[in-house]
2 protein chains.
Amino acid sequence: MRKGEATRVRIVGEAARQAALRGLTGVSLSDLADAVGLSKSGLFKHFDSKDDIHLAVVESVMDRFGEMIWKPAEILPPGRARLEVIFERWLYWCEEEWAESGCPINAFSIELDDQPGPLRDLLRRRLLGWRKTLLREFRALRDPALSEAEAQAAYFQMKSFILGHTDSRRMMGDDDARKSASAAFDALLDRTSRLDA
Amino acid sequence: MRKGEATRVRIVGEAARQAALRGLTGVSLSDLADAVGLSKSGLFKHFDSKDDIHLAVVESVMDRFGEMIWKPAEILPPGRARLEVIFERWLYWCEEEWAESGCPINAFSIELDDQPGPLRDLLRRRLLGWRKTLLREFRALRDPALSEAEAQAAYFQMKSFILGHTDSRRMMGDDDARKSASAAFDALLDRTSRLDA
DNA sequence: GAGCTTAGCGACCGGTCGTGCTCTTTTCTA
DNA sequence: TAGAAAAGAGCACGACCGGTCGCTAAGCTC
């Protein structure tokens with residue numbers, strides 16, 4: 001079943017590209033089929049329904065996210081340098097990897113946050129896993145480890161700066177978005193790793 | 001033309017409600033017509049096209065945003081208290097005013113940031129105006145006024161916390177989102193209004 | 001290389017999309 | 001209160017939607 005597997009990957013990749021642009025719901029099966037050089041009915045040899053494609057897209061995007069952001073960070077020991085790499089890669093992911101559309105994870109979050117169902121559940125599950133990882137990293141940032149509350153506060157701000165970066169760069173057309181985000185994150189690491197009253 | 005004006009307002013209001021849920025593109029004219037108790041063709045006595053409705057929706061949402069957030073703040077003198085009211089009202093706007101759907105401005109930003117055209121231009125224009133207002137407020141936060149760069153950094157973080165709040169509350173299901181956002185913003189005001197090397 | 005399995009195509013389905021057109025009813029104004 | 005103007009209903013349109021079915025052709029395995 002080698003050939004079919006390869007085609008499936010191509011379909012999911014293209015579907016993700018289009019979904020990042022127009023939203024998951026906004027992708028039409030005819031457009032998708034055309035883009036991968038298939039007939040519409042050909043798609044259904046690989047997926048049972050459009051919903052089935054949605055699930056595969058979310059799963060695939062989250063997998064790629066892990067590969068791109070976590071893989072290059074985990075070779076470093078826990079601590080500030082690792083967090084810096086993560087943030088750096090995350091910005092790269094939003095800015096370069098999805099240059100034409102913006103980060104699909106942000107887009108899917110907005111699209112799905114009011115649409116209960118297995119698709120939202122899948123996305124939420126993957127995002128919660130990622131958050132758990134980051135909380136662990138933040139706790140390890142200081143020698144007397146950060147409390148859970150401190151780690152949560154730090155995570156909240158980190159994620160916020162990622163979202164702010166996209167908004168600033170893509171919607172407001174701000175060329176300094178990356179600098180703003182990096183500076184804000186650096187300051188966050190400064191005050192979080194510092195031991196003060 | 002009294003009656004028509006009222007109907008138009010009803011249409012735009014309902015369209016905004018639905019667009020906040022399903023996206024501007026996701027609103028169908030039949031659903032919209034049903035919801036306001038009109039026939040589909042009846043809609044076209046008030047708007048020339050679906051795009052025309054989109055423009056009216058964005059304009060109307062931004063107007064309401066100004067009324068809800070700025071109006072109660074401008075009675076206060078410039079300074080920290082005014083900024084605190086703005087942030088507070090902004091969170092309220094996201095959390096209560098659009099409880100079922102999440103803030104439509106965030107949703108429209110994600111939906112439109114890769115869709116060039118007059119609709120995106122309109123949204124961007126309104127958002128730039130709002131940003132200009134906030135930059136002025138931040139500059140007035142300290143007695144030796146903040147530099148433009150400092151004000152921009154502060155604005156970036158404020159907007160980030162707003163976005164983070166929605167993501168945390170709606171997508172991650174975090175009940176503490178509001179507390180996290182408020183705490184982060186308070187700390188931002190602390191370190192921004194402080195005069196340090 | 002025979003034969004089963006799978007990938008993929010083309011035609012087609014019922015339904016919905018946005019948007020015209022015509023005609024009637026309501027509303028406002030002189 | 002007559003009559004113009006506005007509001008709205010009804011219907012039909014062509015295009016497109018997600019999805020099914022039967023068929024062929026290619027791929028894979030023994």
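Chain A is the first sequence line, chain B the second, and so forth, proteins listed ahead of strands; every chain is numbered from 1.
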Inset, instruction - Mind calculating the distance between CZ (A:Arg8) and P (C:dG8) to the nearest angstrom? - result: 13 Å
Inset, instruction - Using five base pairs at each end, measure the axis-to-axis angle across the helix from C:dG1-D:dC30 to C:dA30-D:dT1 and round it to 10 degrees. - result: 30°
Legend entry - Whichever of A:Ser28 and B:Gly37 has its nearest DNA chain D nucleotide further upstream toward 5': B:Gly37
Inset, instruction - Classify the nucleic acid contact of A:Val36 as base, sugar-phosphate or nothing, counting any heavy atom under 4.0 Å across all strands shown. - result: nothing
Inset, instruction - Could you check how far CG of B:Leu38 sits from P of D:dA6, rounded to whole Å? - result: 18 Å
Inset, instruction - Could you pick out which residue, A:Leu43 or A:Lys40, lies toward the 5' side of DNA chain C when each is mapped onto its nearest nucleotide? - result: A:Leu43
Legend entry - A:Ser39 side chain near C:dG10 phosphate (N/O to OP1/OP2, under 4.0 Å): no
Inset, instruction - Could you tell me whether B:Arg89 and B:Glu96 have a side-chain N and a carboxylate O separated by less than 4.0 Å? - result: no
Inset, instruction - Respond yes when some side-chain nitrogen or oxygen of B:His46 is under 4.0 Å from OP1 or OP2 of D:dA6, and no when none is. - result: no
Inset, instruction - Verify, without hydrogens or angle tests, whether B:Lys40 (side chain) and B:Asp34 (backbone) share a donor-acceptor contact under 3.5 angstrom. - result: no
Inset, instruction - Ignoring hydrogens and angles, answer whether the base of D:dG10 and the side-chain atoms of B:Ser41 contain a donor-acceptor pair closer than 3.5 Å. - result: yes
Legend entry - For atom CZ of B:Phe44 and atom P of C:dG20, their distance in whole Å: 6 Å
Inset, instruction - Identify which nucleotide among D:dG8, D:dG18, C:dA7 has an atom closest to any side-chain atom of A:Ser30, counting heavy atoms from C-beta outward. - result: D:dG18
Legend entry - Partners meeting side-chain contact (heavy atoms from CB on, under 4.5 Å) with A:Asp52 (sequence neighbours left out): A:Phe47, A:Asp48, A:Ser49
Legend entry - Nucleotide C:dC28, atom P - distance to NZ of B:Lys3 in whole Å: 8 Å
Legend entry - Heavy-atom donor-acceptor pair, B:Gln115 side chain to A:Leu21 backbone, under 3.5 Å: yes
Inset, instruction - Tell me, please, which residues at least two apart from B:Ser39 pass side-chain contact (heavy atoms from CB on, under 4.5 Å). - result: B:Ser41
Legend entry - Pairing of A:Arg17 and A:Glu14 as salt bridge, 4.0 angstrom limit: yes
Legend entry - Lys/Arg-Asp/Glu bridge criterion (N-O < 4.0 Å) met for B:Asp186, B:Lys179: no
Inset, instruction - Tell me whether the OP1 or OP2 atom of D:dG18 has a side-chain N or O from A:Lys50 closer than 4.0 Å. - result: yes
Inset, instruction - Mind calculating the distance between CG (B:Asp31) and P (C:dT19) to the nearest angstrom? - result: 15 Å
